[in-house]
Number of protein chains: 2
Amino acid sequence: LVELVGITKSYELGRTVVHALNGVDLQVERGEFTVVMGPSGSGKTTLLNIIGCLDRATAGTFRFDGEELGDRDFNDLAEIRNRKIGFIFQSFNLIPVLNVTENIEFPCLIRGDPKKALRERVRQVAEEVGLGKFLAHKPDELSGGQRQRVAIARALVTQPQVVLADEPTANLDSGTSEQIIDLMLELNAKENVTFLFSTHDPRVMAHARRVVHIADGRLVDGTDSGRA
Amino acid sequence: LVELVGITKSYELGRTVVHALNGVDLQVERGEFTVVMGPSGSGKTTLLNIIGCLDRATAGTFRFDGEELGDRDFNDLAEIRNRKIGFIFQSFNLIPVLNVTENIEFPCLIRGDPKKALRERVRQVAEEVGLGKFLAHKPDELSGGQRQRVAIARALVTQPQVVLADEPTANLDSGTSEQIIDLMLELNAKENVTFLFSTHDPRVMAHARRVVHIADGRLVDGTDSGRA
Ligand SMILES: Nc1ncnc2c1ncn2[C@@H]1O[C@H](COP(=O)(O)OP(=O)(O)OP(=O)(O)O)[C@@H](O)[C@H]1O
Ligand SMILES: Nc1ncnc2c1ncn2[C@@H]1O[C@H](COP(=O)(O)OP(=O)(O)OP(=O)(O)O)[C@@H](O)[C@H]1O
Ligand SMILES: [Mg+2]
Ligand SMILES: [Mg+2]
């Protein structure tokens, strides 16, 4: 499903250059439940942003579902993202003026899903992440973990092929985390949805069928613990 | 140091009222290293915001360092906060247009610390949280865990009596978390700085000398595991 060869991502800040990714080769097959782990600043978010078509690599080749995407413009990338990829952002990226329902349904509205069935689906997925009583709340009327779960629901409501989850349980207590992980495991088992996580959470790692280690912008050889 | 009696905090949203805190009684002595834990939405951030003079309770009495603070206005609360309390926000609250150095030194500038000694102190505390090479970076040029550490450094640079830390390690890997916890334990042991955490992180909990449980806006009886 995802094939990265020699991916680099560099940022130029005045006179310094930061190499967030430094020659990454990675393949992710359909149906995987995979964790990328590494120290703070090692390149996890950068990697997920490129796979999720939210950012473009400085160099390297990137194929998603058989298509070479390196030279696509942002509109093409947005089209693919909207149709195939659910993204749970590390910083949630909720829209402050929209309430929980409107934040969750937003990506579906962008791609033109019919509104009537959508509202019922939004209600259902909000219940599954424990937010059934908060549908009318705005983001600043929610706790940190509640906001995180809005971000999770928004990624899942689009019924994506791939979910890229950047530290999706960082603000969640044990019980809520287990609930979320179970939901994701079910989607993986029944719908063959591919999950790629960046996480430090041992509970997520306990369920991963494959763990990939990243340090200083490159995958660490010999630590790829299996093929899903 | 901190005494809360019958604290409630309610939010009115249209026709519903959310009781974020529902009659909290809590005492925190100088020099404690205490964790408040509870499910997402249970009231941890709300509690820390009130103790940190960032918000006011709806009802109840609150004493900080012997002074009754319930009827103080926001300017008085800001004065106390700037002099005595360091706060590590769950959402970091960095100022986007300021770089790492400027974000860390900001609270000291507000209270008029002399600039020359301040810059050296900022550099030192940035090094202690592993950000020595990022002093000129702006928040949007940093990873999630790097931003969290700017928030931590900003709380510690003021040399506060109390540090209120709302999920301070949520975005940090094991190694970085242990480094931060060690730094905090040292300040607690050598400078008698009081630490009150909201956290789900077992590594922080492992070092807590007292754990307080909160659910649905109230402390759960029988679960206060000790007095520091
Ligand atoms: N500004 C607000 N307006 C309305 N309701 C709020 C507001 N802030 C918090 N709440 C509600 O109050 C309750 C407690 O929120 P709080 O942020 O204290 O929880 P928390 O324990 O910190 O949760 P988490 O672990 O998810 O960060 C939640 O149900 C939340 O929705
Ligand atoms: N927009 C940017 N501009 C400049 N540098 C950046 C930018 N985004 C990230 N970086 C740098 O690139 C490196 C990798 O960042 P990235 O966010 O991918 O790390 P991460 O592994 O997700 O870390 P964390 O666990 O802290 O979230 C870091 O050193 C960071 O400072
Ligand atoms: Mg990250
Ligand atoms: Mg909170």
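Labels below follow one simple rule: chain letters A, B, ... track the order of the sequence lines, proteins then strands, and each chain is numbered from 1. Excluded from the calculations below are hydrogen atoms, water molecules and symmetry mates; all remaining heavy atoms, backbone and side chain alike, are included.
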Of the listed residues (A:Q90, A:H200, A:H137), which shares the most heavy-atom pairs with chain B below a 4.5 Å separation? A:H200

Neighbour count >12 (heavy atoms, 6.0 Å) for atom CG, A:D216: no

Quick one: are A:R149 and B:S40 in side-chain contact, heavy atoms under 4.5 Å? yes

When the 4.5 angstrom heavy-atom criterion is applied to A:E141 and chain B, the contacting part is side chain

Give me the atom names and distance for the closest heavy-atom approach of B:G41 to A:S143. N-OG, 3.6 Å

Under 4.5 Å, heavy atom to heavy atom: which of residues 5-19 of chain A reach chain B? Give them by number, or say none. A:L13, A:V18

Can you check whether anything in residues 119-132 of chain A gets within less than 4.5 Å of chain B, heavy-atom wise, and list it by number? none

Anything in residues 168-177 of chain A with a heavy-atom distance to chain B below 4.5 Å? Please list those residues in order. A:A170, A:N171, A:L172, A:D173, A:T176

In chain order, what residues pass the side chain to side chain contact (heavy atoms under 4.5 Å, CB included) check against A:S42, with sequence neighbours excluded? A:P39, A:K44, A:I214

